[in-house]
Amino acid sequence: MNEPHTRLDKWLSILFLYTEKLVLVVIGGLALLGIGELIWSIYQLRAIRLEDLLMMFIFIEIMAMANVYFMRRSVPFTYPMFIAVTALSRLIVLQGKEHSAAGLIYESGAILLISLAILVIRFSQQFSTGILERREAHEDRHE
């Protein structure tokens, strides 16, 4: 027998699932529109700038992140970190020689820290996955 709170939980879960999918489609669509705007501005200016290309990479990474969610039902924590590295790189490129060396050091340090965090996360995921696979294989042999 279904209890009322169980039906409500299931209904809310379905509501949030479809809302989440809708928002992801909107995010992907807006990223696609952003790329379209960049292409249009490149066409109007008749110039391709590095900052536009880096912005396109950010949009592409956002679309890839939404796609990965649809494929795997989860987004690896490293995807937003890659977007942050690209955004910081774009910031450094846009600032040029206008800003102080201290600001450049802070931004470069942030890129280094995020990159190290990505390495640690990736290593720990591989390490923990390897341990689980060995443990399961060991248990299968002893059954």
Which atom names give the shortest non-hydrogen contact between [X] and [Y], and what distance separates them?
{"X": "Ile111", "Y": "Leu88", "result": "CG1-CB, 3.6 Å"}
{"X": "Glu51", "Y": "Arg90", "result": "O-NE, 3.3 Å"}
{"X": "Ile58", "Y": "Ala87", "result": "CD1-CA, 3.7 Å"}
{"X": "Leu15", "Y": "Thr19", "result": "O-OG1, 2.7 Å"}
{"X": "Arg46", "Y": "Tyr43", "result": "NH1-O, 2.8 Å"}
{"X": "Ala84", "Y": "Ile114", "result": "CB-CD1, 3.9 Å"}

Spatial distance of atom [atom1] ([X]) from atom [atom2] ([Y]) [nearest 0.5 Å]:
{"X": "Ile27", "Y": "Met63", "atom1": "CD1", "atom2": "CE", "answer": "12.5 Å"}
{"X": "Met55", "Y": "Glu37", "atom1": "CE", "atom2": "CD", "answer": "10.0 Å"}
{"X": "Met81", "Y": "Leu116", "atom1": "CE", "atom2": "CG", "answer": "9.5 Å"}
{"X": "Ile62", "Y": "Tyr79", "atom1": "CD1", "atom2": "OH", "answer": "13.5 Å"}
{"X": "Ile83", "Y": "Glu61", "atom1": "CD1", "atom2": "CD", "answer": "5.5 Å"}
{"X": "Met56", "Y": "Leu38", "atom1": "CE", "atom2": "CG", "answer": "5.0 Å"}

Can you hop from [X] to [Y] via hydrophobic side chains spaced under 4.5 Å?
{"X": "Val68", "Y": "Leu24", "answer": "yes"}
{"X": "Leu91", "Y": "Leu112", "answer": "no"}
{"X": "Leu53", "Y": "Trp40", "answer": "no"}
{"X": "Ile39", "Y": "Leu32", "answer": "yes"}
{"X": "Ile60", "Y": "Leu30", "answer": "no"}

Other than Met71, what residues sit in its cluster of Ile, Leu, Val, Met, Phe, Trp and Tyr side chains whose heavy atoms are under 4.5 Å apart, directly or through others?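 Members other than Met71 - counting any ILVMFWY side chain reachable under 4.5 Å - there are none.
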My understanding is that a hydrophobic cluster links ILVMFWY residues whose side chain heavy atoms are under 4.5 Å apart, including indirect links. Using that, what else belongs to the cluster containing Tyr18?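 Hydrophobic cluster check, Tyr18: joined to Ile14.
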Give a yes or no on whether the backbone of Tyr69 and the side-chain of Arg72 come within a donor-acceptor separation of less than 3.5 Å.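 Here the side-chain-to-backbone pair does not exist.
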Kindly say whether Asp9 contributes a backbone atom to a donor-acceptor pair with the side chain of Ser13 at under 3.5 angstrom?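 Here the side-chain-to-backbone pair does not exist.
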Does Phe82, at its CZ atom, have more than 12 non-hydrogen atoms belonging to other residues, nucleotides or ligands within less than 6.0 Å?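 Buried by this count: over 12 neighbours within 6.0 Å.
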Taking atom CG of Leu45 as the centre, does the number of heavy atoms from other residues, nucleotides or ligands within less than 6.0 Å exceed 12?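 Yes, the 6.0 Å shell around CG holds more than 12 heavy atoms from other groups.
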Working note: Val25 + Phe70, criterion side chain to side chain contact (heavy atoms under 4.5 Å, CB included); need CA distance, chi angles, decisive distance, verdict. CA-CA 10 Å; Val25 168; Phe70 282 116; 3.9 Å; yes
Would you say the side chain of Val85 lies within less than 4.5 Å of the side chain of Ser89, judging by non-hydrogen atoms?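 Side-chain contact under 4.5 Å: yes.
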